[in-house]
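Scope of the values below: all heavy atoms of this structure, side chains included, with no hydrogens, waters or symmetry mates.
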Amino acid sequence: MVVLGPEPAMAEAANGSAIAGISTLLTSNVGKSTNILWHDCPIGQNERQNLLNQKGCVVWITGLSGSGKSTLACALSRELHIRGHLTYVLDGDNLRHGLNRDLSFKAEDRAENICRVGEVAKLFADAGLICIASLISPYRSDRSACRSLLPKSSFIEVFLNAPLEVCEARDPKGLYKLARAGKIKGFTGIDDPYEPPSDCEIVIQCKVGDCPSPKSMADQVVSYLETNGFLHD
């Protein structure tokens with residue numbers, strides 16, 4: 001029996017001078033992590049997008065509580081599914097049952113909440129999915145930080161522009177009533193500001209007595225995705 005010795009690169013790795021298959025070890029520090037290395041795989045975003053026949057992106061729906069964000073997210077997901085496109089919805093409330101369950105609604109935790117969702121949405125887009133994120137996300141700086149994670153054209157900000165009086169009249173969760181009674185502090189639109197987008201891709205207008213249907217809102221977003229090449233034939 002012939003016993004083969006380790007390959008040269010493997011031998012170097014054993015001595016701590018190299019890693020098999022990598023001639024030069026380039027590590028970096030990111031945040032609190034040290035000595036980490038980005039590892040590329042042969043199947044990338046382009047291959048996944050070709051498989052799915054669509055272009056990965058993030059549709060970020062923002063607006064006041066009660067403006068219809070979750071309703072739009074589900075309607076949009078349904079319309080795209082019917083057309084044969086793969087989506088995933090990241091709903092703000094749902095994520096606080098798991099990924100963000102350790103966060104409160106204090107300013108710093110709200111910023112961290114948006115940051116985490118932005119990073120997860122980026123991964124879904126890289127996977128080739130149409131990721132639909134539905135969150136109040138009241139501050140422009142937080143939304144801009146999420147936008148900066150992706151190529152600009154792949155982040156589609158949708159502003160559900162429903163006035164406070166419409167949202168408060170709906171009050172599906174009873175939160176406005178609690179905020180008005182002083183039982184919830186820092187509630188967006190009551191004692192905490194909402195900063196509307198200044199340059200978003202889509203604005204869906206809802207007025208008192210004149211709000212579009214969920215399907216109509218979804219169709220508006222689908223039309224944008226079609227026009228801008230995110231949905232392949």
message: Once rounded to the nearest 0.5 Å, what's the spacing between atom CD1 of I132 and atom CD1 of I156?
response: 10.0 Å
task: Of all the heavy-atom pairs spanning G56 and S154, show the shortest one and how long it is.
output: O-OG, 4.0 Å
- prompt: For the residue pair P212 and M217, what are the closest heavy atoms and their distance?
  reply: CG-CG, 3.6 Å
message: Can a donor-acceptor pair be found, under 3.5 Å and without considering hydrogens, that links the side chain of E47 to the backbone of G44?
response: yes
message: Using a 3.5 Å distance criterion without hydrogens, assess whether the side chain of N100 forms a donor-acceptor pair with backbone atoms of L103.
response: no
field: D109 side chain to F105 backbone, donor-acceptor under 3.5 Å
entry: no
- request: Report the distance from atom OG of S144 to atom CG of D199, rounding to the nearest 0.5 Å.
  value: 9.5 Å
message: Take a 6.0 Å sphere around OH of Y88 and say whether it holds more than 12 heavy atoms from other residues, nucleotides or ligands.
response: no
query: Do other residues, nucleotides or ligands put more than 12 heavy atoms under 6.0 Å from D102 CG?
result: yes
field: Short side-chain to backbone donor-acceptor contact, D191 and G186, under 3.5 Å
entry: yes
- prompt: So, R48 and D126, do they make that salt bridge, N to O below 4.0 Å?
  reply: yes
field: Any pair counted as side chain to side chain donor-acceptor pair (under 3.5 Å), so long as it reaches residues 201-213, sequence neighbours left out
entry: R147-E201, N161-Q205
Short side-chain donor-acceptor distance under 3.5 Å, D142 and S137: no
message: Between K215 and D219, does any NZ, NE, NH1 or NH2 come within less than 4.0 Å of an OD or OE carboxylate oxygen?
response: yes
message: Minimum heavy-atom separation for S153 and F230, please, with both atom names.
response: O-CZ, 3.0 Å
message: Tell me which one of D91, N94, D93 satisfies side chain to side chain donor-acceptor pair (under 3.5 Å) with S70.
response: D91
- prompt: Mind checking whether V221 and E79 have side chains closer than 4.5 Å, heavy atoms only?
  reply: no
query: Does Y194 reach the side chain of L164, with side-chain heavy atoms less than 4.5 Å apart?
result: no
- line: Rounded to the nearest 0.5 angstrom, the CZ-CZ distance for R96 and R101 is 12.5 Å
message: Would you say that N228 contacts C57 through its side chain, given a criterion of any heavy-atom pair below 4.5 Å between the two side chains?
response: no
message: I want to check something: taking the side chain as every heavy atom from C-beta on, are Y139 and P193 in contact at a cut-off of under 4.5 Å?
response: yes
query: Any link between I184 and I190 through a network of hydrophobic side chains (Ile, Leu, Val, Met, Phe, Trp, Tyr) touching at under 4.5 Å?
result: yes
- prompt: Donor-acceptor pair, K183 side chain versus L175 backbone, under 3.5 Å?
  reply: no
- prompt: How would you list, by chain and number, every residue that makes a side-chain contact (heavy atoms from CB on, under 4.5 Å) with A162, sequence neighbours excluded?
  reply: S67, C167, C206
query: From H81 NE2 over to S77 OG, what is the distance, rounded to the nearest 0.5 angstrom?
result: 8.0 Å
S148 side chain vs A145 backbone, donor-acceptor pair below 3.5 Å: yes
message: Quick one: does any side-chain atom of E168 pair with a main-chain N or O of G66 as donor and acceptor, under 3.5 Å?
response: no
field: Hydrophobic cluster identity match, V117 and V89, side-chain contacts under 4.5 Å
entry: no
message: How long is the straight-line distance from CD of Q49 back to CG of L129, given to the nearest 0.5 Å?
response: 10.0 Å
D171 and R180 ion-paired at < 4.0 Å: no
message: Let's go through N113 and L135 carefully: what are the C-alpha distance in whole Å and the side-chain angles of both, what is the deciding distance for side chain to side chain contact (heavy atoms under 4.5 Å, CB included) to 0.1 Å, and is it a yes or a no?
response: CA-CA 10 Å; N113 176 60; L135 305 96; 3.8 Å; yes
- prompt: Is any side-chain heavy atom of V58 less than 4.5 Å from a side-chain heavy atom of F124?
  reply: no
field: Atom pair SG/CD1 of C200 and I61 - distance to nearest 0.5 Å
entry: 12.0 Å
message: For the backbone of G229 and the side chain of K55, can you confirm whether one donor and one acceptor N or O come within less than 3.5 Å of each other?
response: no
- prompt: Does some side-chain heavy atom of P138 sit less than 4.5 Å from a side-chain heavy atom of R110?
  reply: yes
query: Ignoring hydrogens and geometry, is there a side-chain-to-backbone donor-acceptor pair from R140 to P197 under 3.5 Å?
result: no
- request: Could you walk me through whether E119 and K122 pass the side chain to side chain contact (heavy atoms under 4.5 Å, CB included) test, one step at a time?
  value: CA-CA 5 Å; E119 291 287 352; K122 174 186 174 182; 4.2 Å; yes
message: Consider side-chain contact (heavy atoms from CB on, under 4.5 Å). Of L52, L231, V222, which one does H85 pass it with?
response: L231
- prompt: Minimum heavy-atom separation for R116 to L99, with atom names?
  reply: NH1-O, 3.1 Å
statement: On a heavy-atom basis, the closest approach of T62 and E157 is CG2-OE2, 4.0 Å
- prompt: Has the side chain of Y176 got a donor or acceptor atom that lies under 3.5 Å from a matching backbone atom of S65?
  reply: yes
- line: side-chain contact (heavy atoms from CB on, under 4.5 Å) test vs W60 passes for just one of L90, I114, V158, L150, namely I114
field: Any P214 side-chain heavy atom under 4.5 Å of L72 side chain
entry: no
- prompt: Same cluster for I136 and F155 if Ile/Leu/Val/Met/Phe/Trp/Tyr side chains link at under 4.5 Å?
  reply: no
message: I'd like to know if V120 and I130 are part of one continuous hydrophobic network [Ile/Leu/Val/Met/Phe/Trp/Tyr, side-chain heavy atoms within less than 4.5 Å].
response: no
message: Given V59, which partner from the list L80, T87, I202, L76 fulfils the side-chain contact (heavy atoms from CB on, under 4.5 Å) test?
response: L76
